[in-house]
Amino acid sequence: MKKIVYVGVRLVKGGGGREVSIPLNASTEEVVDLMKDVFFPDGKSTFGSTDLMTFKLGNFKCEEINEEFTLAKYIAKHKLTKDTPSGNLTGLLGSSEDRRSLRESQDDEYLESLATDQAKESEKREELLRCQAETERQKVCVKLEL
């Protein structure tokens, strides 16, 4: 018996990753329809027309999802949830805006840390140069005293 294998499609061929907002109560059909709109603009791709293709939803292991699906159930099943204090399921990392805000905050903190590290390195270099200059001055003094 031949096993069907699903493979990812590279960006240059119309695949790759996209960031989209999907309602947590989205069904298999709704997710597939959304992905068709994203990856097959006007119902076409480099592989042909969507009318000639079969679409199925798969998990992160490239296995077909046959169970009754909603995005919320999938996130909970695979422990991808971020629970809020109210106990409501908010998705992987909240909304797209939450993720964007988190990324900006992390970028700002990284740049601040980088600037601090660069300042420390600069101080170390300056101290090393001062020490080298002092050592050279002391050598000259010793030679003059001899």
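- Closest approach of V20 to M35, counting heavy atoms only: CG2-CE, 3.7 Å.
- More than 12 heavy atoms of other residues, nucleotides or ligands shown are found within 6.0 angstrom of CD on Q132.
- Under the 4.5 Å side-chain criterion, counting only non-hydrogen atoms from C-beta, F55 is in contact with F40.
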Quiz prompt | salt bridge (charged side-chain N to carboxylate O under 4.0 Å, His left out) between E127 and R130, worked out | solution = CA-CA 5 Å; E127 179 64 24; R130 280 193 296 273; 2.8 Å; yes

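- Of all non-hydrogen atoms in L34 and I22, the two that sit nearest each other are CD2-CG1, 3.4 Å.
- Remark: E134 pairs with R137 by the salt bridge (charged side-chain N to carboxylate O under 4.0 Å, His left out) rule, at least two apart or across chains.
- Distance alone, capped at 3.5 Å, is enough to place a donor-acceptor pair between the T135 side chain and the C131 backbone.
- Here E121 pairs with K124 under the salt bridge (charged side-chain N to carboxylate O under 4.0 Å, His left out) rule; sequence neighbours left out.
- Of all heavy-atom pairs between A26 and V31, the closest is CB-CG2, 3.9 Å.
- Between the side chain of S105 and the backbone N or O of S101, no donor-acceptor pair lies under 3.5 Å.
- Within a 6.0 Å radius of CG in D108, more than 12 heavy atoms belonging to other residues, nucleotides or ligands are found.
- At least one side-chain heavy atom of K77 sits less than 4.5 Å from a side-chain heavy atom of E67.
- Minimum interatomic distance between M53 and S45 (heavy atoms only, all atoms of both residues): CE-OG, 4.0 Å.
- To the nearest 0.5 Å, the span separating CG on L57 from OG1 on T28 amounts to 5.0 Å.
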